[in-house]
Protein chains: 2
Amino acid sequence: GPRCRYVSKAAPKTQLEYDYDGPSMKTSVPGPRSQALTKQLGEIQNVGAVNFFCNYEESRGNYLVDVDNNRMLDVYTQISSIPIGYNHPALLKLMANPNHLSTLVNRPALGILPPENFPDKLTESLLSVSPSGMTRVQTMACGSCSNENAYKAMFIWYRNKERGHNMPSDEDVSTCMINKAPGCPDLSILSFNGGFHGRTMGCLATTHSKAIHKLDVPSFDWPMAPFPRLQYPLEEFTRENAQEEARCLEETEDVIVKWRQKGNPVAGIVIEPIQAEGGDNHASPDFFKGLRNIARKHGCAFHVDEVQTGGGATGKYWAHEHWGMDDPADIVSFSKKLLTGGYYHKDELQADKPYRIFNTWMGDPSKNLLLAEVLNVIRRENLLEEVTRSGKALLNGLYDLQAQYPGILSRARGQGTFCAIDICDDATRNSILLKARDKGVLLGGCGDRSIRFRPALIFKEYHVHIFLNIFNDVLAEHK
Amino acid sequence: GPRCRYVSKAAPKTQLEYDYDGPSMKTSVPGPRSQALTKQLGEIQNVGAVNFFCNYEESRGNYLVDVDNNRMLDVYTQISSIPIGYNHPALLKLMANPNHLSTLVNRPALGILPPENFPDKLTESLLSVSPSGMTRVQTMACGSCSNENAYKAMFIWYRNKERGHNMPSDEDVSTCMINKAPGCPDLSILSFNGGFHGRTMGCLATTHSKAIHKLDVPSFDWPMAPFPRLQYPLEEFTRENAQEEARCLEETEDVIVKWRQKGNPVAGIVIEPIQAEGGDNHASPDFFKGLRNIARKHGCAFHVDEVQTGGGATGKYWAHEHWGMDDPADIVSFSKKLLTGGYYHKDELQADKPYRIFNTWMGDPSKNLLLAEVLNVIRRENLLEEVTRSGKALLNGLYDLQAQYPGILSRARGQGTFCAIDICDDATRNSILLKARDKGVLLGGCGDRSIRFRPALIFKEYHVHIFLNIFNDVLAEHK
């Protein structure tokens, strides 16, 4: 078809002196050097998921450079895990500071022998962005590990509540050693259809996004409730969406009652504020308020998994802040953009004894160091406001393109730059992803046929328009 | 009682220019500064397991310095996770090299966008010490994560073997999404009484060392077999020990048959070469050979968990090398001294499709960088030979002390510096640990009443004798 260049309002290039000017492509992707390295790595690992190999030294700001010297605008950022772009000068300076060498070479067992600055560093970094009502935080190595331990904290809390005290019986102690109830109790975590909470075995029992994640791995008999399937734009379908959310809340409550009746009560509910891997599914603040009330009514802990949504991409540090609640959750887990895994929790969710939530490393102070500086940059550069501004430009651009290509695009949605759009079918989606990459824009898929946008927090309106123009070119070829 | 100074053969101080001369104690431990910081951290986390706070900048070689300026000979090394001591000059130099800054600030999603040097770095580091028969390795963030994914790899392998091909049925695909068989199959991992494999929910179902680890956490109906309870020194009880091992092997086979009969077959067997957390329990090469044969006979994968034993402390990179087998295992997992988690595996244990063994980070190239240099140091300084020499001195010293204090000490045992000794009772053990610490030696407990020795690989005969003399002083006070 005729090329139909997207007419974007001119946007001034924001001063990011460390950023590149735009994409620059030398080969199709993966290029020959990436292909050779993929073959080499294939002798060591399954490389079926490898996109291409990167030159991280040359990557900068919003641009990822590959080993064939292709430079791509990165709207996926290592599965949403690079907070302020590649090689940010503030982070390079931090890591070049010889005062931090010791933190890099002496990784402590944080639970027994923390470094002198550990409480201050937690206060200055993670606790400076604590969710409402939470003054406690536990670091962990990664997102899965964070959720696993959050689930354990909920089980421990629930059992102590059941007992009315925290003294396990002799039978508890003896049966737990052989994996039997009551020591290893029949308790469950309720999760949602389409949810993703990680791939270790506890997490995986709450993950319901794609079969390939779960296939052949034993699981727990834990309940799944429906996550609302809303119509977008949300503000145009308020009545229909409210009905759908009411249906989901009702069914959730039914499931809780049913699992209690069959002797496997729900100790905790885990949910993402926006289902990410499962296809960028949103729900309204009212839905989450209703769910919070159901959790309270039935004595279940409420765990908000912000591994993908946390860290600023929605325009707030935590997506659940958009709900406007004083008491949004009992536990909030994080990883990715926070650079360290971990979870915040209310006082009563703290394990009553040492060594119940424990492992050798329990996080990594070198990551706390990086996080503290990332938060400094976010504040200094007003990045949350910038994200809100860029996000509006991005979503408006997606609405425009959706109007222009109704046969291809639908359901544009998002909060901040945490946006997504649906493609008519899976094959077209994958073709668009590859073509966009060859034109210098790196995107990721999610769900069955969605594209998710996960730029860094330094993605400005200027970058939005670079993206929209290239995306438009790709769509024009598919028309 | 009268002080009975241990008479150690004079040992020359080995040249470790970066090491301190000996312990130096200013306060009892924890000192006032540690106590204040513990109180501060107590507002944020459960601090019941915190020993004291550390000054990692001032720590060097075999000596850990705390925030009250106490300097302790470290025979525990952050739960066995510091390979070549604190602030090793080679590691400081490595981290000060500006060429590595990019690796420190741009953590990639290794499964999709690896850095250019990733295959070379794996080859140079982890693959240069591959267990026999294994040319493949998958990095992970920590020990638990490594074992969780190793279990998944065994389940996937087992189910494909059962199917005779790797095409899941429609029923597999639909049932797995709701945590049901056959998609989430009734399969199990067999583990051993006293074993420890981590604290995430899959790992925890194979951990049987202490109730506090498992209490109140739901588990799987997975079988446990007896680990041999041997008499020490092993060479004096060969007949009795062989009988005990035969009994355990027989029972293991019975358990495998029983679990298959009840519809929950054993897909994999996981075992530590020396049970560490569970009390430093050893078994003979013949036992492990027998177990390997049982795994083969019953079609179970054989997973050797070297998270604590790996990395050189037994005098070989892997404790299983002492078995002298060409085909010791199907999977070997590691973490701690290797600085990155992960597992080696045989070709057929590689997941057949991408995204089955996957997460965002899948390790951390900055840790691979450190590991490569640690391996250089081990080779350059012949540290495995040194460990063997120090280990002999340590074990002989423990035998001497055991003869001298038969009412307190028993069952001295070890391989390399990976040694342990039993104390008459739990209370005395804990008292000895605290008194040794106040005299400048940091030790760790394991099992019900054992002390485990886990020095770094740079722990020389010179340090053995410093330790033995102080340990003797402590024992004399308990006589």
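First the proteins, then the strands, lettered A, B, ... as listed; each starts at 1.
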Across all chains, not counting sequence neighbours, the salt bridge (charged side-chain N to carboxylate O under 4.0 Å, His left out) partners of Lys152(A) are none
Is chain B contacted by the side chain of Leu370(A), its backbone, both, or neither, given a heavy-atom distance below 4.5 Å? side chain
Side-chain touch Phe358(A)/Ile212(B), heavy atoms, less than 4.5 angstrom: no
Decide yes or no for Arg356(A) and Leu215(B): does some side-chain heavy atom of the first lie under 4.5 Å from some side-chain heavy atom of the second? yes
For Leu339(A), is it the side chain, the backbone, both, or neither that has a heavy atom closer than 4.5 Å to a heavy atom of chain B? backbone
As an exercise, state the distance from CG of Asp172(B) to NZ of Lys214(A), rounded to the nearest 0.5 Å. 13.5 Å
Taking the side chain as everything from C-beta on, heavy atoms only, tell me whether Thr135(B) gets closer than 4.5 Å to Glu43(A). no
Let me know if Pro115(A) has heavy atoms under 4.5 Å from chain B in its side chain, its backbone, both or neither. both
Quick one, Asp120(A) with Gln40(B), criterion side chain to side chain donor-acceptor pair (under 3.5 Å). Give me CA distance, side-chain angles, the key distance, then yes/no. CA-CA 9 Å; Asp120(A) 282 346; Gln40(B) 190 188 346; 3.0 Å; yes
Rounded to the nearest 0.5 Å, the CD1 atom of Ile178(A) sits from the CE atom of Met224(B) at a distance of 7.0 Å
Can you find a pair of side-chain heavy atoms, one from Pro114(B) and one from Leu41(A), that are under 4.5 Å apart? yes
Side chain / backbone / both / neither for Asp186(A) at chain B, heavy atoms under 4.5 Å: neither
Relative to chain A, which of Cys176(B), Ser188(B), Gly48(B), Ser209(B) shows the most heavy atom pairs under 4.5 Å? Cys176(B)
Part of Leu64(A) lying under 4.5 Å from any heavy atom of chain B: side chain
Could you give the distance from CD (Glu116(B)) to CG (Leu37(A)), rounded to the nearest 0.5 Å? 6.0 Å
Proximal component of Thr77(A), with respect to chain B [non-hydrogen, under 4.5 Å]: neither
